[in-house]
Amino acid sequence: MYKDLILAMLRSGIFGFGGGPSVIPLFRHEAVTKYKWMDNEEFGDVLAIANTLPGPIATKIAAYLGYRQKGTVGAIVSVLAHILPTCLSMVFLFSFISFLSHSPIITSMVSAVVPVIAVMLGLMAYEFGEKAVKGLGIYAGIGLTILCLFLLQTFSIHPGIVVLIFLTYGAFHFKLKHKFIHKKERGM
């Protein structure tokens, strides 16, 4: 049934103030915590791949979750359920745009949402960092984080390219680690 999928996408679309990055924790909550469609690790993989592809991240993740649950029709329903509330709200509110843009109430509402989004993104980053340290070790995790920041800030490399570099590194790292552990077990 499409009910859970539609409700999850409606919630993430309605409460996802601020665009793509702010909606990622909402998707994670719906897909991992609430409906258990996937585990945290798989969501991290989906997020990494979605970041490397062009276009808005929210629609890519909505399409993937819908496709994973109900195939092609699920992807279409999922994207529509995610974007439709926002589209209709924009059309409705457009007639009041001049009034709303100068309203101190609206400005205060938007200002109040920003710290909540920052905390949600920070919490998600901490959890992914914890997994990186668990999988790579503390020194490699910190070193790769510093390298990532260096690539992003010093060379202004697009984040999608940095993610692709680290995905490639991760594939080789775990393959070599597995080979090393397997070789070590044979030696015992």
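Criterion: ILVMFWY side-chain heavy atoms under 4.5 Å apart, direct or through other members. Under it, Val73 and Leu80 are not part of a common hydrophobic cluster. Residues Phe150 and Val163 fall into different hydrophobic clusters, defined by Ile, Leu, Val, Met, Phe, Trp and Tyr side chains chained together at heavy-atom separations under 4.5 Å.
In this structure the side chain of Phe43 reaches within 4.5 angstrom of the side chain of Ile24, judged on heavy atoms. Looking at heavy atoms from C-beta onward, Met38 lies in side-chain contact with Tyr64 at the 4.5 angstrom threshold. With contacts defined as side-chain heavy-atom distances shorter than 4.5 Å, the pair Phe166/Leu147 qualifies. Residues Ser22 and Leu121 fail the side-chain proximity criterion, which asks for heavy atoms closer than 4.5 Å. Side-chain contact between Phe15 and Val23 is absent, with no heavy atoms from C-beta onward closer than 4.5 Å. The shortest side-chain heavy-atom distance between Tyr169 and Leu144 falls under the 4.5 Å cut-off. Counting heavy atoms from C-beta on, the side chains of Pro85 and Leu10 come closer than 4.5 Å. The shortest side-chain heavy-atom distance between Leu152 and Cys148 falls under the 4.5 Å cut-off.
The backbone N or O of Leu65 lies less than 3.5 Å from no partner atom in the side chain of Ser78, so there is not a single donor-acceptor pair. In terms of modelled atom types and a separation under 3.5 Å, the side chain of Lys70 and the main chain of Tyr2 share no donor-acceptor contact.
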CA sep, side-chain torsions, deciding dist, call: Glu42, Leu47, side-chain contact (heavy atoms from CB on, under 4.5 Å): CA-CA 9 Å; Glu42 185 179 357; Leu47 179 61; over 6 Å; no

Checking Ile76 against Tyr67 for the side-chain contact (heavy atoms from CB on, under 4.5 Å) test, could you report, in this order, the C-alpha distance in whole Å, the side-chain angles of both residues, the deciding distance, and whether it holds? CA-CA 8 Å; Ile76 294 167; Tyr67 182 79; over 6 Å; no

How far apart are the C-alpha atoms of Trp37 and Val32, what are their side-chain angles, what is the distance that settles it, and do they pass the side-chain contact (heavy atoms from CB on, under 4.5 Å) test? CA-CA 6 Å; Trp37 292 330; Val32 175; over 6 Å; no

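Atom CD1 of Ile83 is separated from atom CE of Met90 by 13.0 Å, given to the nearest 0.5 angstrom. Annotation: the span from Ile146 atom CD1 to Leu149 atom CG amounts to 8.0 Å, rounded to 0.5 Å. We find the CD1-OG1 distance between Ile57 and Thr52 to be 9.0 Å, quoted to the nearest 0.5 Å. Once rounded to the nearest 0.5 Å, the distance linking CZ of Arg68 with CG of Leu5 reads 12.0 Å. The CD1 atom of Ile61 lies 10.5 Å from the CG atom of Leu53; values are rounded to the nearest 0.5 Å.
By the salt bridge (Lys or Arg N to Asp or Glu O under 4.0 Å) test, Glu41 pairs with no residue at all, sequence neighbours left out. In this view, Ile157 and Leu151, Phe155, Ile161, Val162 satisfy the side chain to side chain contact (heavy atoms under 4.5 Å, CB included) rule, not counting sequence neighbours.
Atom CZ of Phe128 has more than 12 neighbouring heavy atoms from other residues, nucleotides or ligands inside a 6.0 Å radius.
Pairing each heavy atom of Leu167 with each of Ala48, the nearest pair is CD2-CB, 4.1 Å. The heavy-atom pair separating Lys60 from Gly55 by the smallest distance is NZ-O, 3.1 Å.
Residues in residues 17-38 take part in these salt bridge (Lys or Arg N to Asp or Glu O under 4.0 Å) pairs, two or more places apart or across chains: Arg11-Glu30, Arg28-Glu127.
A distance below 6.0 Å separates the ring centres of His82 and Phe27.
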